[in-house]
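Numbers restart at 1 for each chain; the letters A, B, ... are given by sequence-line order, proteins then strands.
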There are 2 protein chains.
Amino acid sequence: MPAPNRPMPVDMLCFAVYSAAHAFNRAYRPLLARHGLTYPQYLVLLLLWADDGQTVSELGAPLFLDSGTLTPLLRRLESAGHIRRERDREDERQVRIRLTGRGRALEAELADVPAAIGCAVGMPAAELRELTGRIRELGRTLRATAGSEMDGDGDGA
Amino acid sequence: MPAPNRPMPVDMLCFAVYSAAHAFNRAYRPLLARHGLTYPQYLVLLLLWADDGQTVSELGAPLFLDSGTLTPLLRRLESAGHIRRERDREDERQVRIRLTGRGRALEAELADVPAAIGCAVGMPAAELRELTGRIRELGRTLRATAGSEMDGDGDGA
DNA sequence: CCTAATTAAATTGCGCGCAATACATCTAAT
DNA sequence: ATTAGATGTATTGCGCGCAATTTAATTAGG
């Protein structure tokens, strides 16, 4: 009889993605910790530096995060003095997130972070773009399939 | 003067990996939740099905997880009746993790999970292997660079 | 108008993931 | 044997991430 041929984490696409995500988190941690930031907080700041005054939902959409995650995260950014949160005058349901001077100043202080991470990745720009595109496409496919019950006969990623 | 040319999450490799990891988690969730399992718990069970009686450290090594994460996770698997935890007679520092009958039975009950995920990924086997290998290599590179201070001039992944 | 349905945030509860620390056991060196 | 160091787990504290629920504000319908 043939061996069970079980999928092992080390061989699985899902696990490669899972552990690479943790590896990125660990790479960012020392760079961001000296400013008291976490990686998800840094992502939110990137969005705000590009477009200040977004609502919680507008920030959550590109990050695929909801208010359950963002509300406490934003509260921490607020108590650290990086942002302010104010109800929208036009629609009081919404909360607009605005950078403080301190929050804006962080952009310059963290300007070298992308280069440091790029160095840690150690990949030519072209390959980096190509790999990023393939993983983004993977995410899109997974999100598209999610919710619909699955019982096909794929390869066990 | 040129635009600031800020890195945006949507364009970054780290974010593609981050959001793909969450997408996998969401894809696994409904498949595992009916058995009361989480994705990391499923990874541990995969290792145990292949080799029962491993120590906490032996389980943690391939997953890049330490006892701070595994101890409570294993306690939950134990109270769910899937595993037993017993101190090693030879070396009482170590804790050996052994499947119960219930834990072993889960392997058959979850046999269709890999296929369901493979279907959600929707990728030819050859491409799947190639992409898995590239992301694993990315993780290896990041872990190798982690710890050493970085201040090069990469591309901002 | 006034209600019903919708929408935006916030809240609650739980399970990671990890740094830092504590504790027990084992090993080595004297 | 005693002690010092190393090793394996456990504990504590904090910040996500997400499902489920709640609250408040807006919109739509009658």
Side-chain angles (χ1 to χ4, degrees), chain A residues 15 18-30 32-44 54-61 63-80 85-97 139 143 146-147, chain B residues 15 18-30 32-44 54-61 63-80 85-97 139 143 146-147:
Chain A
F15 177 73
Y18 163 90
S19 58
H22 292 328
F24 264 122
N25 204 339
R26 284 190 285 267
Y28 272 102
R29 187 179 302 271
L32 299 176
R34 54 173 130 259
H35 299 276
L37 295 175
T38 65
Y39 176 65
Q41 289 170 12
Y42 175 67
L43 292 179
V44 167
Q54 295 184 70
T55 67
V56 174
S57 296
E58 286 168 348
L59 291 170
L63 303 177
F64 308 105
L65 295 176
D66 66 355
S67 71
T69 299
L70 285 176
T71 294
L73 183 156
L74 292 168
R75 213 169 31 209
R76 283 184 282 271
L77 281 180
E78 182 178 40
S79 57
R85 306 160 71 232
E86 40 198 41
R87 291 274 163 189
D88 189 315
R89 289 281 182 279
E90 313 263 319
D91 185 343
E92 297 247 337
R93 291 173 303 183
Q94 300 184 123
V95 170
R96 300 233 161 243
I97 309 300
R143 280 185 293 272
Chain B
F15 177 72
Y18 163 88
S19 59
H22 292 328
F24 264 122
N25 204 339
R26 285 190 283 270
Y28 272 101
R29 187 179 299 273
L32 300 176
R34 52 172 132 260
H35 300 276
L37 294 174
T38 65
Y39 176 65
Q41 290 170 11
Y42 175 66
L43 292 178
V44 167
Q54 296 183 69
T55 68
V56 173
S57 297
E58 286 168 348
L59 291 170
L63 302 177
F64 309 106
L65 296 176
D66 66 356
S67 71
T69 298
L70 285 177
T71 294
L73 184 154
L74 293 168
R75 214 169 29 210
R76 282 184 282 271
L77 281 180
E78 182 178 41
S79 57
R85 306 160 71 232
E86 39 197 43
R87 290 273 162 190
D88 189 315
R89 289 278 184 280
E90 312 264 319
D91 185 344
E92 297 246 339
R93 291 172 303 182
Q94 300 184 126
V95 171
R96 300 235 162 242
I97 309 300
R143 280 185 293 271

Who pairs with B:Arg76 by side-chain hydrogen bond (donor to acceptor under 3.5 Å, both in side chains), at least two apart in sequence or on another chain?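 B:Arg76 satisfies side-chain hydrogen bond (donor to acceptor under 3.5 Å, both in side chains) with no residue once adjacent residues are dropped.
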
With sequence neighbours excluded, residues passing salt bridge (Lys or Arg N to Asp or Glu O under 4.0 Å) with A:Arg75: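 Listed in chain order: nothing, the list is empty.
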
Who pairs with B:Arg85 by salt bridge (Lys or Arg N to Asp or Glu O under 4.0 Å), at least two apart in sequence or on another chain?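 Here the qualifying residues are B:Glu78.
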
Roughly how many Å is it from [atom1] in [X] to [atom2] in [N], rounded to a whole number?
X       : N      : atom1 : atom2 : result
A:Asp88 : C:dA10 : CG    : P     : 13 Å
A:Ile97 : C:dA9  : CD1   : C1'   : 10 Å
B:Glu90 : C:dT27 : CD    : C1'   : 16 Å

Those residues that, when tested against B:Ser57, pass side chain to side chain contact (heavy atoms under 4.5 Å, CB included) (two or more places apart):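 Only B:Thr55 meet the side chain to side chain contact (heavy atoms under 4.5 Å, CB included) criterion with B:Ser57.
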
At under 4.0 Å between heavy atoms, how does the protein contact nucleotides 9-18 of chain D? Give one character per nucleotide, 5' to 3', with B, S or -. BBB---SSBB

Validation: residues 63-73 of chain A side-chain donor-acceptor distances under 3.5 Å, sequence neighbours left out:
unit_1: A:Asp66; atom_1: OD1; unit_2: A:Gly68; atom_2: N; d: 3.2
unit_1: A:Asp66; atom_1: OD1; unit_2: A:Thr69; atom_2: N; d: 3.3
unit_1: A:Thr71; atom_1: OG1; unit_2: A:Ser67; atom_2: O; d: 3.0

